[in-house]
Amino acid sequence: MKEKSVVSILLQDAYIPKMAKVRQNFPRPLIENPAARVRELYFQQKIRKMVKPGMSVAVTCGSRKIANLKEIIREICVCTKELGAHPFIIPAMGSHGGATAEGQREIIEGYGVTEEYCQAPIKSSMEVVKIGYTQEGQEVYIDKNAAGADGIIVVGRIKPHTDFRGPYESGVMKMMVIGLGKQHGAEVFHRSGPKHMAHNIPLFGKAIIEHAPILFGFAIIENAYDETAQIEVMPREEIEGKEPPLLEEAKRLMAKSYIEDVDLLIVDQVGKDISGDGMDPNITGRFCNPYVSGGMNAKKMAVLDISEDSHGQMVGIGYGDTTTRRAFEKCDLEASYPNALTSTTFSPFRIPLILKNDREAIGACLKYCGDNDKERPRVIRIKDTLHMGEIWVSEALIPEVEKHPYMEVMTELMELPFDEKGNLW
């Protein structure tokens with residue numbers, strides 16, 4: 001019989017509390033038919049007049065799992081064709097997908113954005129061209145195929161960024177600068193580090209609007225339930241002025257944990273499809289940039305797995321204090337490190353303590369938290385940062401849930417459901 005490891009012996013008496021499922025209630029504006037909303041916006045006179053018969057039009061598609069993404073991209077392509085133009089789809093995701101054309105195409109096809117469904121070809125390439133300079137003299141690069149088109153339609157979800165604060169964070173401006181910049185353009189942009197991103201996004205963005213054939217941008221906002229809450233269209237000359245108010249609306253609608261101070265946050269999965277940082281630091285409170293703060297205050301964090309749609313991209317695992325061998329074995333360094341190097345941000349890609357299963361990863365954080373009530377630990381468990389409507393909380397947090405106007409207990413307290421291998425199911 002195989003003897004237990006020293007680590008397993010140390011963790012065998014770790015106390016893991018009973019937990020209950022809790023509902024968090026957030027504002028929930030919802031667009032029932034996103035494709036119809038796209039069509040309504042596209043055929044406004046000021047938008048449709050920009051698309052001429054015979055034009056080649058690049059339509060951007062990013063690396064995030066955005067709600068209704070394939071339907072939105074498809075409708076943009078269909079509307080473009082109805083006006084007599086020729087759309088094609090550009091994977092616009094900087095260095096993601098292992099910084100390869102094949103990897104980037106695989107990501108968007110995994111979201112259902114295929115040539116057959118969208119009725120438009122996909123042109124995936126890592127080639128870029130220099131289109132000009134910023135007002136401060138930095139070179140600006142974008143995808144070669146997009147630069148050679150007669151027009152570009154930029155599609156982006158607007159939300160708070162994981163690494164910086166400013167009037168433009170994740171959104172249409174960032175999609176133009178980093179997404180269309182591919183690996184090389186993103187690397188040029190990131191040279192000055194996260195501290196200067198808020199300054200550089202509009203600086204590079206304005207240069208792209210001036211020197212590239214941008215037609216207009218579709219801005220998507222999601223609610224806290226990972227649903228399409230709002231879609232707006234911005235002609236190129238209106239992007240600079242219209243995006244900041246949309247960012248404020250996205251901040252108002254974003255998910256959060258109403259309880260912020262905990263001993264342990266358990267994150268079932270991280271992934272590039274979930275957030276640019278694998279998990280959203282605006283929720284978890286674990287930022288790689290020391291100039292940004294907010295979200296939860298968790299003494300320890302256990303990251304249990306990497307999502308299948310992340311394709312081995314291990315970003316976010318480095319925010320954890322512990323992880324599992326299952327998650328570690330999914331880490332694809334070749335797919336992950338180009339993103340780490342390009343972004344100049346290494347900490348989300350580091351490897352935490354690797355334990356053999358979920359029980360040990362959780363138990364290690366609780367037994368060796370260092371400053372917690374070992375008999376009544378404050379614990380929250382989430383699936384990921386896209387799904388905050390239903391979470392699990394430990395017994396010690398139930399009184400706070402019951403007092404909160406936007407939280408409600410859904411189940412009785414119960415033991416965490418570990419299988420025979422010590423993993424949660």
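Computed from a predicted model, the values in this text were never measured in an experiment.
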Polar side chain donor-acceptor pair, Gln269 to Asp305, under 3.5 angstrom: no
Polar side chain donor-acceptor pair, Asp384 to Ser307, under 3.5 angstrom: no
Distance-only donor-acceptor check, side chains Glu360 and Ser8, under 3.5 Å: yes
Would the distance check show the side chain of Lys81 and the main-chain N or O of Gln119 forming a donor-acceptor pair, the cut-off being under 3.5 Å? yes
Give a yes or no on whether the backbone of His161 and the side-chain of Asn282 come within a donor-acceptor separation of less than 3.5 Å. yes
Is the number of heavy atoms from other residues, nucleotides or ligands under 6.0 Å of Glu308 CD greater than 12? no
Measure across Ser170 and Pro160 and return the closest heavy-atom pair with its distance rounded to 0.1 Å. OG-O, 4.4 Å
Counting neighbours of NZ on Lys144 that are heavy atoms of other residues, nucleotides or ligands and sit closer than 6.0 Å, is the number greater than 12? no
Determine, stepwise, if the pair Phe218 / Ile72 fulfils side-chain contact (heavy atoms from CB on, under 4.5 Å). CA-CA 9 Å; Phe218 275 95; Ile72 291 169; 5.6 Å; no
Give, for atom OG of Ser394 and atom CG of Asp373, the distance between the pair rounded to the nearest 0.5 Å. 10.0 Å
Within a radius of less than 6.0 Å around NZ of Lys195, do more than 12 heavy atoms belonging to other residues, nucleotides or ligands occur? no
Can you sort out the partners of Tyr225 under ring pair (Phe, Tyr, Trp, His ring centres under 6.0 Å), two or more places apart, ordered by chain and number? Phe26
Quick one, Lys18 with Glu412, criterion salt bridge (charged side-chain N to carboxylate O under 4.0 Å, His left out). Give me CA distance, side-chain angles, the key distance, then yes/no. CA-CA 9 Å; Lys18 291 182 178 180; Glu412 299 293 325; over 6 Å; no
In terms of side-chain geometry, is the basic nitrogen of Arg37 or Glu40 positioned less than 4.0 Å from the acidic oxygen of its partner? yes
Please walk me through it: do Asp263 and Arg378 pass salt bridge (charged side-chain N to carboxylate O under 4.0 Å, His left out)? CA-CA 5 Å; Asp263 299 314; Arg378 298 169 59 84; 5.4 Å; no
Which of Leu215, Val172, Ile90 passes side chain to side chain contact (heavy atoms under 4.5 Å, CB included) with Val154? It is Val172
Any donor and acceptor pair, going by atom type alone, linking the side chain of Gln313 with main-chain N or O of Gly271 inside 3.5 Å? no
In this structure, are over 12 heavy atoms from other groups packed under 6.0 Å from Glu139 atom CD? yes
Cationic N near anionic O, under 4.0 Å, Arg105 to Glu115: yes
In terms of heavy-atom contacts, Ala361 and Leu355 come closest through N-CB, 3.8 Å
Does the pair Ile153 and Tyr42 meet the rule for a side-chain contact (heavy atoms from CB on, under 4.5 Å), with working shown? CA-CA 11 Å; Ile153 300 173; Tyr42 200 117; 3.8 Å; yes
What distance separates Ile221 CD1 from Ile231 CD1, expressed to the nearest 0.5 Å? 10.0 Å
Is Gln12 atom CD crowded by more than 12 heavy atoms from other residues, nucleotides or ligands, each under 6.0 Å away? yes
May I ask you to decide if Glu240's main-chain N or O and Tyr168's side chain share a donor-acceptor pair within less than 3.5 Å? yes
Nearest non-hydrogen partners of Ile283 and Met388, listed with the distance: CG2-CE, 3.8 Å
Under a 4.0 Å threshold between the charged nitrogen and the carboxylate oxygen, would Asp358 count as salt-bridged to Arg326? yes
More than 12 non-hydrogen atoms from neighbouring residues, nucleotides or ligands closer than 6.0 Å to OH on Tyr15, yes or no? yes
For the residue pair Lys206 and Gln135, confirm or rule out a side-chain donor-acceptor distance under 3.5 Å. no
Under 3.5 Å, is there a donor-acceptor pair linking the side chains of Asp280 and Thr385? no
Take Phe189 and Tyr141 through the test ring-ring contact (aromatic ring centres under 6.0 Å, His included) and record every step on the way to the result. CA-CA 9 Å; Phe189 172 83; Tyr141 294 85; over 10 Å; no
Side-chain contact test, heavy atoms from C-beta onward, threshold under 4.5 Å: evaluate it for Trp392 versus Thr411 and give yes or no. yes
Test your reading of the model: is there a side-chain donor-acceptor pair from Thr344 to the backbone of Gly193, 3.5 Å cut-off? no
Would you say that more than 12 heavy atoms from the other residues, nucleotides or ligands in this model lie under 6.0 Å from the NZ of Lys256, or not? no
If you look at every heavy atom in Leu69 and Tyr111, which pair is closest and at what distance? CD2-CD1, 4.0 Å
Relative to Tyr319, does Arg286 satisfy both conditions: NZ or CZ under 6.0 angstrom from the six-membered ring centre, and within 45 degrees of the ring's axis? no
Closest non-hydrogen atoms of Ile76 and Thr80, given as atom of the first, atom of the second and distance, are O-OG1, 2.7 Å
Would a distance-only check, ignoring hydrogens and angles, find a side-chain to backbone donor-acceptor pair under 3.5 Å from Ser310 to Lys272? yes
Is there a donor-acceptor contact under 3.5 Å from the side chain of Glu400 to the main chain of Ile259? no
Let me see the working for Lys251 and Glu169 under side-chain contact (heavy atoms from CB on, under 4.5 Å), right down to the final yes or no. CA-CA 11 Å; Lys251 289 178 179 179; Glu169 297 183 22; 3.6 Å; yes
Set out, in order, the CA-CA distance, both residues' side-chain angles and the distance that settles side-chain contact (heavy atoms from CB on, under 4.5 Å) for Val22 and Leu397, then state yes or no. CA-CA 10 Å; Val22 167; Leu397 297 176; over 6 Å; no
Quick one: do Arg252 and Glu248 make a salt bridge, cutoff under 4.0 Å? no
I'd like to know if Arg74 pairs up with Glu71 as an ion pair, taking the criterion as any Lys NZ or Arg NE/NH1/NH2 lying under 4.0 Å from an Asp or Glu carboxylate oxygen. no
Below 4.0 angstrom, N of the basic side chain to O of the carboxylate: do Lys159 and Glu222 qualify? no
Could you tell me whether the side chain of Lys182 and the main chain of Pro91 form a donor-acceptor pair under 3.5 Å? yes
Side chains of Asn297 and Asp261: any donor to acceptor distance under 3.5 Å? yes
Say whether, by atom type as modelled, one donor and one acceptor occur between the side chain of Lys356 and the main chain of Val7 under 3.5 angstrom. no
Find the distance between CD1 (Ile201) and CE (Met176) and round it off to the nearest 0.5 Å. 9.0 Å
Taking atom types as modelled and ignoring hydrogens, do the side chains of Asn68 and Lys70 form a donor-acceptor contact shorter than 3.5 angstrom? no
Are the side chain of Asn289 and the backbone of Phe164 linked by a donor-acceptor contact shorter than 3.5 Å? no
Could you check whether Thr342 and Gln183, counting side-chain N and O atoms only, form a donor-acceptor pair closer than 3.5 Å? yes
For the CD1 atom of Ile107 and the CZ atom of Arg64, what is their distance to the nearest 0.5 Å? 9.5 Å
For Glu375 and Pro377 the tightest heavy-atom approach is C-CD, 3.5 Å
Does atom CG of Asp371 have more than 12 heavy-atom neighbours from other groups under 6.0 Å away? no
Within this structure, what is the CD1-CG distance for the pair Ile208 and Leu203, rounded to the nearest 0.5 Å? 10.5 Å
Between CG of Leu180 and CD1 of Ile131, what distance do you get to the nearest 0.5 Å? 9.0 Å
